[in-house]
Structure formats: structure tokens, C-alpha cells
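Notes follow once the structure below has been shown.
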2 protein chains.
Amino acid sequence: MPRAGLTRDRVAEEAAVMADEVGLAKLTLAALADRLGVRQPSLYKHIDSMAGLQRDMAVHAKRDLGGVLARASVGRSGADAISSMSHAYRDWARAHPARYEASNLMPAPGDVEDEAVSIEAVQLIADVLAAYNLEGDDAIDAIRAFRATLHGFVSLETSGSFALAADVDRSFDRLVRGFIAALAQWTGDTAS
Amino acid sequence: MPRAGLTRDRVAEEAAVMADEVGLAKLTLAALADRLGVRQPSLYKHIDSMAGLQRDMAVHAKRDLGGVLARASVGRSGADAISSMSHAYRDWARAHPARYEASNLMPAPGDVEDEAVSIEAVQLIADVLAAYNLEGDDAIDAIRAFRATLHGFVSLETSGSFALAADVDRSFDRLVRGFIAALAQWTGDTAS
DNA sequence: TCACTTAGGCTATTGACATTAGCTAACCGG
DNA sequence: CCGGTTAGCTAATGTCAATAGCCTAAGTGA
């Protein structure tokens with residue numbers, strides 16, 4: 001019985017590949033074990049449980065997405081950075097739909113590693129909005145709005161909710177421009 | 001054995017109540033049957049399958065949400081209607097998180113009832129944006145942007161992704177105002 | 001009222017899945 | 001080369017969704 005040489009990371013990695021193919025909810029340990037050339041219970045030497053595996057996938061996905069977003073915004077600022085990051089976000093999500101889904105799983109309270117990588121991703125967004133000099137709650141509102149805008153579009157798109165033939169790329173571009181426009185008058189909005 | 005008097009609608013209704021309590025993914029037929037005072041296999045006299053039950057829940061949820069949105073926008077127009085509909089959307093989703101999740105399930109191709117009620121809901125959004133006189137793809141882009149904005153915020157909120165203490169009501173209000181502001185210059189955006 | 005049909009319950013069973021227990025063989029530090 | 005750790009394994013359990021087949025309460029028509 002030669003060893004398969006699995007590791008926790010390797011298992012999570014293959015699980016992510018497989019989930020992107022069949023859907024996060026339809027990933028089974030039996031199929032995953034099969035693909036790794038191992039019997040199903042053997043996976044438990046590397047994972048705690050199905051939930052634990054999903055947590056591992058979530059951490060990997062958040063790190064991965066964070067890296068992509070960081071690269072997309074380097075050397076840019078303001079509207080340029082926001083636009084670049086937005087498109088990178090959407091492209092990554094479309095290329096890895098199950099990983100994207102996993103990246104939206106909340107860390108369990110006390111899971112410091114997951115919490116850290118989650119915060120880092122949000123911090124990237126905060127950094128890119130920094131050019132607008134928003135303070136306190138204004139900044140938080142803007143970060144939430146940006147996350148909502150991106151997640152909403154990508155989530156609807158990947159779930160197939162945009163039925164009409166109209167160009168989805170164009171719609172996304174429009175949305176991002178709209179957000180940037182709204183951001184320009186952010187602090188003024190309250191006064192209406 | 002006295003009859004329990006179940007119907008397809010009654011089952012879907014109770015399933016929705018239960019799902020809102022335990023989460024859509026954690027709803028089991030065993031627990032549902034128990035609650036309805038019936039054995040688990042008996043449910044199959046009223047549903048086709050778990051997927052079929054979820055479809056029924058989706059149809060009910062879409063109709064329900066559609067009604068709420070329609071009532072929220074009656075007698076209003078323009079920014080007023082958009083704002084009112086937005087808050088109604090969020091309030092309904094928070095009150096019924098699993099129903100909300102179900103309402104985002106896509107109809108199976110050829111499921112005319114589900115398709116009809118899905119289109120009706122989107123039509124409500126189109127109607128409320130009609131005051132902005134958008135034509136063709138401009139209108140589609142705006143509808144997609146509105147849906148993305150609302151769904152993104154609500155989805156992140158109900159999944160617990162807004163960790164910070166800052167007032168979420170305020171953030172949502174800000175987002176809606178931002179969308180309305182963006183909409184005012186919608187057709188001009190492309191020209192930049 | 002009484003036969004007949006329909007349909008909504010039931011028990012028993014299967015098969016997919018996650019998970020645990022306990023065994024064995026491969027690797028690893030001395 | 002030896003002893004411990006660990007990554008695999010088989011076997012078994014419990015929880016699901018789902019199917020098959022029975023049984024009888026409820027409606028229906030004369």
C-alpha cells in the first residue's frame with residue numbers, strides 16, 4: 001500500500017478544483033477521495049469534517065482572491081484602482097465559482113487564521129477607497145456599498161440570474177462607473 | 001388513521017417557516033414531516049422530491065416578495081419609489097432569510113409557473129425605473145445594477161458579513177441614495 | 001345506504017453520504 | 001535496524017432522501 005502523499009493543503013486544493021466543476025454544495029468526500037486515489041475515510045487524516053474542509057477551502061479562496069485584488073490595484077489609485085479591482089474581482093469569481101462561494105463563508109468565532117485572511121481582503125477594499133478621504137462611518141458605508149455592489153452583481157451573474165441577451169460585460173462596466181460616480185458625491189448624499 | 005389534511009401548498013408553507021428558522025440548507029424532510037404530524041415518506045404524496053419542494057418554496061417566495069414590492073411602490077414614483085421598494089426588499093429578506101434565499105433560485109427551463117413569477121418580480125423593478133426614461137440596453141443595465149445593489153447588500157447582511165458595529169441601516173440608506181444618484185446620470189456615464 | 005374508486009396515510013427497504021473505531025504498513029529519527 | 005508516529009485501510013453506524021407496496025379513510029354515483 002504505497003502512500004498517496006496527501007496533505008491538508010493538497011486536499012483542500014483538489015477539493016476546490018472539483019467544487020468549481022460540480023458546485024460547492026455537490027462536492028462529496030467519496031468523489032474527492034476517489035479523485036485523490038484514496039479511500040473515503042482516509043481523508044479524515046487530513047480534514048476534520050466536511051465543514052472543516054469547507055473552512056480550509058474558504059481560507060485558500062480568500063487568500064487567492066486577496067492576492068488577485070492586490071495585484072489589480074498596485075500602482076493605481078482612485079477611480080482607476082476601483083475599476084481595475086472590480087474587474088479583477090468579477091473575473092476571478094467567474095473563473096472559480098465555487099471558490100468564490102467559499103470565499104464568502106464567515107469565519108467561525110475564534111478561528112484566527114480565517115479571521116485574519118478575511119480582514120485582509122476587506123482591508124484591500126478599504127485601501128482602494130482611501131483616495132476619497134472618507135472618515136469613520138462614511139468610510140464604512142462606502143466599503144459596504146462597494147462590497148455589496150460587486151458581490152451582488154457577481155452573485156446574480158454566476159447563478160444565471162441575468163437571463164436577457166444584453167451584454168453582461170457592459171452592464172458590469174456601467175455598474176462600476178455608477179458606483180464611482182456615487183462615491184464622488186458620497187459625503188454630500190446625506191444632506192438631501 | 002385520521003388524515004392530516006396536507007396539501008402541496010401547506011407543505012411548502014410550513015417548509016418555508018421551518019427553513020427560516022434552521023436555514024434553507026439544513027431543512028430535512030424528516031423534521032418537516034415531524035412538524036406536520038406525519039411520517040417522512042408521506043410527504044412524497046405532496047412533493048416530488050427535495051428539489052421539487054425547494055422549487056415550490058421558491059415560487060411562493062417570489063410571489064410573496066413580489067407582492068411586498070408592489071405594495072411598497074404603489075402611489076410613488078422616481079427616487080421615492082426606488083427608495084421605498086429598496087427598504088421593503090431588505091426588510092422582507094431580513095424577516096425571511098431562507099425564503100429570500102429560495103427566491104433567488106433560478107426556474108428550471110420549461111417551468112412556466114416559476115418563470116412567470118420570476119419575470120413578474122423583475123418587471124416590478126423595471127416599472128419603478130421607468131421614470132428615468134431609459135431605453136433598450138440602458139434600461140437593462142439599470143435593472144441589473146439595481147438588482148445587484150439590493151441583492152449584494154442583503155446577501156452580505158444576512159450572511160453576517162458586516163462585522164463592524166457601524167449602523168447597518170445607515171449604510172443601506174447610503175447605498176440606496178448612491179444608486180439613485182448614479183441613476184440620475186446613467187446615460188451620461190458612458191461618455192467618460 | 002352501499003359499493004367503488006381515489007388518494008393520503010403507513011411500514012419496510014434501499015442507497016448515498018458523513019463520520020468513527022480499530023487495524024496495519026509505511027516512513028522517520030535515533 | 002528499531003520503535004514510534006502516522007497515513008492509509010476495512011468495517012460499521014447513523015442520518016438522509018427516495019421507492020415499493022400495503023391499508024384504509026374519505027369522497028362519489030347509483
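Throughout, a chain's letter reflects where its sequence line sits, starting with A, and its residues are numbered from 1. Here the structure is a predicted model, which is why all the values come from computation and not from measurement.
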Next item on the list: Decide whether A:His96 and A:Asp64 meet the rule of one side-chain donor and one side-chain acceptor closer than 3.5 Å.
Entry: no
Notebook entry, point to check: Where along residues 17-30 of chain A does a heavy atom come under 4.0 Å from DNA chain D, residue by residue in number order?
Noted result: none
Checklist line | Residues which pass side chain to side chain donor-acceptor pair (under 3.5 Å) with B:Ser83, listed by chain and number, not counting sequence neighbours | finding: none
Next item on the list: With sequence neighbours excluded, tell me which residues meet side chain to side chain donor-acceptor pair (under 3.5 Å) with B:Asp137.
Entry: none
Check: Does any residue of residues 6-14 of chain B have a heavy atom under 4.0 Å from DNA chain C, and if so, which ones, in number order?
Finding: B:Leu6
Notebook entry, point to check: Can you name the side chain to side chain contact (heavy atoms under 4.5 Å, CB included) partners of B:Asp48, sequence neighbours left out?
Noted result: none
Next item on the list: Using a cut-off of strictly less than 4.0 Å between a heavy atom of the residue and any atom of DNA chain C, enumerate the qualifying residues of residues 34-47 of chain B by number.
Entry: B:Val38, B:Arg39, B:Pro41, B:Ser42, B:Lys45, B:His46
Item checked: Flag for B:Ser118-B:Lys62: side-chain donor and acceptor within less than 3.5 Å -> yes
Checklist line | Separation of atom CE in A:Met50 from atom C1' in D:dT15, rounded to whole Å | finding: 16 Å
Next item on the list: Look only at the side chain of A:Trp186 and the backbone of A:Leu134, and say whether a donor-acceptor pair between them is shorter than 3.5 Å.
Entry: no
Next item on the list: Look at B:Asp34 together with B:Arg39 and state whether they make a salt bridge at an N to O cut-off of under 4.0 Å.
Entry: no
Check: So, is the end of the B:Arg144 side chain (NZ or CZ) under 6.0 Å from the ring centre of A:Phe162 and within 45° of the ring's axis?
Finding: yes
Note to self: Looking at A:Ala81, is its backbone amide N or carbonyl O close enough to the side chain of A:Ser84 to form a donor-acceptor pair, meaning the two atoms are under 3.5 Å apart?
What the structure shows: no
Margin query: Can you tell me how the ring of A:Phe146 sits relative to the ring of A:Phe179, calling it parallel under 30°, perpendicular over 60° and tilted otherwise?
Written below: parallel
